[in-house]
Amino acid sequence: MFHKYCSSISLFMYFVLVGLATTLLMVQGQVTTRVGFYSRTCPRAELIVKQTVEAHFNSNPSIAPGLLRMHFHDCFVQGCDASVLLNGANTEKTAGPNLGLRGWEVINDAKTKLETACPGVVSCADILALAARDSVVLTKGFSWNVPTGRRDGKVSLASETSNLPGFRDSVDVQKAKFQALGLNTQDLVTLVGGHTIGTSACQFFRYRLYNFTTTGNGADPTINPLFLSQLQSLCPQNGDAARRVDLDAGSGNRFDATFFRNLQNGRGILESDQKLWTDASTKSFVQRFLGVRGLQALNFNLEFGRSMVKMSNIGIKSATNGEIRRICSAIN
């Protein structure tokens, strides 16, 4: 089980991964990203993003899960093209699943600084991908090398956000949404593990606590009984729907594998998260992240970086259908 430490073998694997990633070339059709894309055109690009994210994190740590979630939501609609950042009527930003996103000001701040240092060079999509990585590192997760060279999209439609995984989705629905983008079941479990940081409002899971069934105490039977009483105290039936609760109980500010231990113990907050333990096709990956005896162990932090690189190369735009925005909230 990997929580705060990893074995020497895992560390060796990590450095091998980092070494391989430095020469990584991701190809989608004829569009490519690569590590170090800005090494000549804007050599301080990654440092500027890192310093900007860190400055905002120091004053408001909640931007870390916010930026990670924003990158995820961006990639699942139109690909990783910063379409989620665009303002306007009926854009992705206005859709229900995106109303709770946070961290817009961090991306805008980084973009302003990059336009001063290297005008018209660094895309908003790359800023978001880098900021997601930096957010994980700031919450004590492993780093990974982010391939860059994305372009910003010119289309953003609220109607397309139905592609986003939902908190009531069955595992089959979740798998279908991931598979449609080239992500497999392991990627699904790994990326959902990003819920190790961040919170959810009571309105998104309170239905599990009351009148979920017509038998027993009325609650979702997969919830640990002791944990149920805690959640009912935090989210009374007629209480504040906007009150926020850690998605990873007991470790909501640290990027680690305790999220999966909570699923094993019936302490998942979202219904879609807890189903990863009750469905056999995903449970085995949860168990591997926990180091269950008899299964080949997986290091969550290592696998998260790998799946993030894979996800961040969905739907890369070309010069024909993409651009380098001057302002992240508007097309040029």
Going only through I, L, V, M, F, W and Y residues with side-chain contacts under 4.5 Å, is there a path from [X] to [Y]?
{"X": "Phe178", "Y": "Leu68", "result": "yes"}
{"X": "Val173", "Y": "Leu270", "result": "no"}
{"X": "Ile314", "Y": "Leu164", "result": "yes"}
{"X": "Ile324", "Y": "Phe37", "result": "no"}

- [ ] Taking the six-membered ring for Trp and the full ring for Phe, Tyr or His, determine whether the centres of Phe285 and Phe289 are under 6.0 Å apart.
- [x]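 No, too far apart.
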Open item on the list: Would you say the rings of Phe255 and Phe304 are close, in the sense that their centroids are separated by under 6.0 Å?
Closed with: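 Yes, the ring centres sit under 6.0 Å apart.
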TODO: Calculate, to the nearest 0.5 Å, the distance between atoms CG and CD1 belonging to Leu231 and Ile269 respectively.
DONE: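 Those atoms lie 4.5 Å apart.
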TODO: Quick one: pull up CZ in Arg44 and CG in Leu114 and give me the separation to the nearest 0.5 Å.
DONE: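 Taking CZ in Arg44 and CG in Leu114, the distance rounds to 9.0 Å.
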Can you see whether [X] engages [Y] through a side-chain donor-acceptor pair at a distance of less than 3.5 angstrom?
{"X": "Thr258", "Y": "Asp248", "value": "yes"}
{"X": "Ser318", "Y": "Asn321", "value": "yes"}
{"X": "Ser329", "Y": "Asn108", "value": "no"}
{"X": "Glu92", "Y": "Ser83", "value": "yes"}
{"X": "Ser281", "Y": "Lys175", "value": "yes"}
{"X": "Asp246", "Y": "Thr199", "value": "no"}
{"X": "Gln232", "Y": "Tyr210", "value": "no"}
{"X": "Ser312", "Y": "Arg150", "value": "yes"}
{"X": "Tyr207", "Y": "Asp220", "value": "no"}
{"X": "Thr139", "Y": "Asn253", "value": "no"}

- [ ] Step through the shown structure and confirm whether more than 12 heavy atoms of other residues, nucleotides or ligands are within 6.0 Å of CD on Gln296.
- [x]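 At most 12 heavy atoms, drawn from other residues, nucleotides or ligands, come within 6.0 Å of this atom.
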Open item on the list: Counting neighbours of CD1 on Ile327 that are heavy atoms of other residues, nucleotides or ligands and sit closer than 6.0 Å, is the number greater than 12?
Closed with: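 No, the 6.0 Å shell around CD1 holds no more than 12 heavy atoms from other groups.
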With a 4.0 Å cut-off on N to O distance, would you call [X] and [Y] a salt bridge?
{"X": "Asp81", "Y": "Arg151", "answer": "no"}
{"X": "Asp134", "Y": "Lys50", "answer": "no"}
{"X": "Lys283", "Y": "Asp279", "answer": "no"}
{"X": "Glu46", "Y": "Arg133", "answer": "yes"}

Task: Among Glu323, Gln78, Lys154, the one residue meeting side-chain contact (heavy atoms from CB on, under 4.5 Å) with Lys317 - done: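 So the option named by the test is Gln78.
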TODO: Report yes if some heavy atom in the side chain of Leu86 is under 4.5 Å from a heavy atom in the side chain of Lys93; otherwise report no.
DONE: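 No, their side chains stay 4.5 Å or more apart.
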